[in-house]
Asker: 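My structure is below; once you've seen it, I'll send some questions.
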Amino acid sequence: MPTKLLLGDEAVAQGAIDAGLSGAYAYPGTPSTEITEYVEKSPQAREGLIRSFWSANEKTAVEAALGMSYAGKRAMASMKHVGLNVAADPFINAAITGTSGGLIVNAADDPSMHSSQNEQDSRLYTEIALVPCLEPSNQQEAYDMVSYAFDLSERFRVPVLLRLVTRLAHSRAPVTLRTRREQNRARLPDDPERFIILPPTARRQYAALVARQEDFVRESERSPFNHLADGPDASLGIVASGIGANYVLEAFAGEVPHPFLKIGQYPLPALLVDRLFHRCERILVVEEGYPYIEAKLRGLPERRSPQILGRMSGELPRTGELTPALVARALGRRAGAGIPPSSVPVPRPPSLCPGCPHADTFRALTEALGTFPETARVFSDIGCYTLGAYPPFSAIHTCVEMGASITMAKGAADAGIGPVVSVIGDSTFAHSGMTGLLDAVLDRSPITVVILDNLAVAMTGGQRSCATGRLEAICTGLGVEPAHVREIVPVPKEHEKNVAVLREEIRYAGPSVVIARRECLQTARRAKRPAREGA
Amino acid sequence: MKRDVILAGVGGQGLLSVAAVIGEAAIARGFFLKQVEVHGMAQRGGSVTSHLRFSDRPVYSDLVPDGEADLVLALEILEGLRYVHLLSPTGTLVTSTAAVKNMPGYPPEETIRAAVCAVPRHVLVDAPRLAEKAGSAQSANVVLLGAAAPFFGLPQDSLVGAIKRAFAGRAPAVLEANLAAFRLGLEAGEDGATKT
Ligand SMILES: Cc1ncc(C[n+]2csc(CCOP(=O)(O)OP(=O)(O)O)c2C)c(N)n1
Ligand code: SF4
């Protein structure tokens, strides 16, 4: 069997391609983006044998994947952890309707918030959806789990969550590939009524889902991804999931002397947990993210309840990602004592690329607001332009979650402060800004929405933006007066003109839009380079 | 045989290409390998790092454990210093003299040099100058690769082979410049290493 050097994300993608995937839907987000980039560049997608699509947002991605599953084919939707908040509605309700073709939702968590607003743990969503979850600890497992997850999904007719974390998503290792499976043929469900979840059906479906929970536990007990290994030293037992298991193995150079339960599939395998509980007085739980397993083990009504150690008991820190050193220390192993850290390095914060169009827009906006009272507020959103928070711009006052710029501006305007400006990227606008603008139009809110149209999803590496070429039509279509949908070109020589346009629209007492349009330098540069890179 | 390497630099310096070359050479020799990339907002001039681990036994952790790195290979001098605490007591810092001053408060060069010299085993390489000499300013990353070559425990020709494969399909002059860069780096590294 051939091997291939793959990132964790790429292993998921290759695993899906080899497991008969028909459709990959996604909205970009670190650290999940490379899954869909890989599918997109695959020969199968290029030849049109697999549909690969950047959806407007995570919710539309999961819905499209559910539609493909309805039609009998295997589909997946990929996103970063916070994307699952946006997609929570279809994800949870797909568990009620059930699936037909295999359906996987890939959620990549970002403990320590390397490039995120929070470090929420996607495993918790499976508690609401009542569906199985898989969590790979290495690239090979990531690859193997996809095929397994499609089968699980088709057998039990539920969506399956595949949870990744940054360090696996962005770590490369050789992966052994398997023979490719055929795609499913399109086939309508033979019991179509379960897809109309009016209360009577919904109640029936929900009861059936609840009844299947025991089956899911049994599956976990015989899963190849859950494994209890005995060890001579039962003074301590270890439960570790995902990459946490790697750190345990690292601490003992591969020879764990304690009973060791490795978790790769949820719900927890009750039988294996029980066995471990009977063997050990103390159990250390090593997991990336929330103390999810730990809390479950603490809550078990067991006859013998061992002492449970982990993030809740302080053996490991409650927040932030695990490191090999933290785990080694929790296991009572000495971590390597290296060279003392140097105090010389100062932080190198990310900053806008020199010449970035957003910089020109911020300069114009700051100057335009200079003639207004100091209570003027700029509600921003998420993207490269969030770096406008740092000097020399210090141009924005908020950044919360995608789309919040427009709706928070509306609420603040309702509260009577002003003037109020919203700053939002083109992709973020298409993701979840449009509905907020509709609210503002319906209420005639006195807000100015500056859409930073750099013709790309720049923050995550320059994917295609759903808004490109459509912004004016969308804004006027939503009901913004055509006279108050203006375009500016954010370049230094247009500065005065841009300031004037912004000032006029900020002064206007209804909803207005200023589209600042110039291509991202990075995507422009890549487009000019020979096609070699795309291979 | 096991090597834990930290690569450090700034977005756009070609750090991940160097990591790929080393990784390829290690795999070609039949080693187990894991390589983590940290490239968050790299395109905007932030720090980039990579953890590269290879061994004749399975590699478990994707990250190099603190205090266990055999080598910190830095394409930018301040970035190299940022990770010296990951070095084992016998580890080596191989760093370019290149300074990318794209943020406020960049420390004075003498301060940085003094801190580098305080690292028990270090090699300082004027990579930008040697890259020019090799015929391509872009090849500074490969100069550093050459300077660090003796520390990988890999035969030189397997690194050279990996460079050739990495530049296959590019203009022959580009490959030539990079091979020259590798050689110049190797010589400079040997000189630097004997001095310290
Ligand atoms: C729900 C959610 N999905 C994805 C992301 C990751 N993300 C943050 S901003 C962004 C898009 C940025 O594109 P755009 O608004 O066009 O701004 P640009 O970076 O191009 O300036 C993405 C994908 C996120 N933070 N939250
Ligand atoms: S990647 Fe593009 S949008 Fe982002 S800072 Fe650079 S030029 Fe600006």
Side-chain angles (χ1 to χ4, degrees), chain A residues 3 5 7-8 30-31 114-115 137-139 166-168 170-174 243 245-254 321-328 335-354 356 384 387 391 458-459 461-462 521-522 532 535, chain B residues 10-11 19-20 23-24 27 32-47 51-52 57-69 76 78-89 91 93 100 102-107 111-112 114-116 118-120 169-170:
Chain A
T3 66
L5 191 58
L7 291 178
T30 312
H114 297 284
S115 29
S137 68
N138 58 43
Q139 296 75 357
T166 303
R167 297 306 187 178
L168 178 57
H170 286 170
S171 170
R172 222 180 280 282
I243 60 165
N246 299 350
Y247 299 148
V248 172
L249 288 163
E250 180 77 28
F252 294 112
E321 68 180 355
L322 299 173
T323 65
L326 288 171
V327 174
I339 288 176
S342 169
S343 58
V344 174
V346 290
R348 190 187 300 270
S351 53
L352 294 173
C353 304
C356 171
C384 282
L387 296 172
M459 174 92 158
L521 301 176
Q522 300 290 343
R532 216 182 67 80
Chain B
V10 172
E24 230 246 90
I27 287 200
F32 292 92
L33 171 123
K34 280 192 177 175
Q35 186 227 327
V36 168
E37 294 179 356
V38 187
H39 45 112
M41 301 220 207
Q43 60 189 346
R44 289 168 287 287
S47 308
H51 290 220
L52 181 80
R57 305 205 34 211
V59 176
Y60 298 108
S61 167
D62 299 79
L63 294 174
V64 173
D66 289 6
E68 289 188 23
E76 203 274 351
L78 192 65
E79 292 308 312
L81 270 185
R82 202 183 295 287
Y83 300 101
V84 289
H85 63 282
L86 295 179
L87 279 174
S88 84
L93 168 66
V100 179
N102 63 352
M103 79 279 207
Y106 195 95
T111 315
I112 298 178
V116 168
V119 176
R170 298 280 287 271

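Proteins come first, then strands; the chains are lettered A, B, ... in the order of their sequence lines, and each starts at number 1.
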Asker: Can you say whether B:L33 sits under 4.5 Å from chain A via the side chain, the backbone, both, or neither, judging by heavy atoms?
Answerer: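 For B:L33, the contact with chain A is made by backbone and side chain together.
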
Asker: Might you point out which heavy atoms bring A:R348 and B:S47 nearest each other, and give the distance in Å?
Answerer: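 Looking at all heavy atoms of both residues, the shortest contact is CB-OG, 3.8 Å.
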
Asker: Any side-chain heavy atom of B:V38 within less than 4.5 Å of one from A:R167?
Answerer: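 Sidechains of A:R167 and B:V38: in contact.
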
Asker: Main chain of A:G254, side chain of B:R57: is a donor-acceptor contact present, judged purely on distance under 3.5 Å?
Answerer: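 Side chain of B:R57 to backbone of A:G254, a donor-acceptor pair under 3.5 Å: no, none is there.
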
Asker: A side-chain contact here means heavy atoms from C-beta on lying under 4.5 Å apart; do B:L63 and A:Y247 qualify?
Answerer: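 They are in contact (side-chain heavy atoms under 4.5 Å apart), so the answer is yes.
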
Asker: With rounding to the nearest 0.5 angstrom, report the CD1 to CZ distance, B:I27 to A:R172.
Answerer: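 If we round to the nearest 0.5 Å, B:I27:CD1 and A:R172:CZ are 10.0 Å apart.
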
Asker: Measure distances from B:Q35 to the heavy atoms of chain A and classify the residue's part below 4.5 Å as side chain, backbone, both or neither.
Answerer: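 Both backbone and side chain.
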
Asker: Going by side-chain contact (heavy atoms from CB on, under 4.5 Å), B:V84 matches just one of A:S342, A:P340, A:P345. Which one?
Answerer: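 Going through A:S342, A:P340, A:P345 one by one, the side-chain contact (heavy atoms from CB on, under 4.5 Å) with B:V84 is satisfied by A:S342 alone.
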
Asker: For the candidates B:E79, B:H51, B:E68, which exhibits the highest count of non-hydrogen atom pairs separated by less than 4.5 Å from chain A?
Answerer: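 It is B:E79.
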
Asker: State whether the side chain of B:R82 and the backbone N or O of A:V346 hold a donor-acceptor pair below 3.5 Å, judged by distance alone.
Answerer: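 Here the side-chain-to-backbone pair exists.
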
Asker: Heavy-atom pairs under 4.5 Å with chain B - which of A:T3, A:L249, A:V248 has more of them than the others?
Answerer: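 Heavy-atom pairs under 4.5 Å are most numerous for A:L249.
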
Asker: Pick one of side chain, backbone, both or neither for A:L5, based on which atoms fall under 4.5 Å of a heavy atom in chain B.
Answerer: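 A:L5 touches chain B through side-chain heavy atoms alone.
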
Asker: Sort B:P65 into side chain, backbone, both or neither according to what part of it lies under 4.5 angstrom from a heavy atom of chain A.
Answerer: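 B:P65 touches chain A through backbone and side-chain heavy atoms alike.
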
Asker: Working to the nearest 0.5 angstrom, can you tell me the gap between A:I243 CD1 and B:S61 OG?
Answerer: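 If we round to the nearest 0.5 Å, A:I243:CD1 and B:S61:OG are 7.5 Å apart.
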
Asker: Could you look at A:A325 and say if it's the side chain, the backbone, both or neither that has a heavy atom under 4.5 Å from chain B?
Answerer: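 The answer is the side chain of A:A325.
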
Asker: Could you look at B:V119 and say if it's the side chain, the backbone, both or neither that has a heavy atom under 4.5 Å from chain A?
Answerer: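 Side chain of B:V119 only, per the 4.5 Å heavy-atom cut-off to chain A.
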
Asker: Under a 4.5 Å heavy-atom cutoff, which of B:I112, B:V100, B:L52 has the most pairs with chain A?
Answerer: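 Max contact count across the listed options: B:V100.
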
Asker: Quick check: do B:K34 and A:N138 have side-chain heavy atoms less than 4.5 Å from each other?
Answerer: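 B:K34 reaches A:N138 side chain to side chain.
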
Asker: Please determine, among A:A173, A:P391, A:P347, the option with the most heavy-atom pairs under 4.5 Å with chain B.
Answerer: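 If we count pairs closer than 4.5 Å to chain B, A:P347 comes out on top.
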
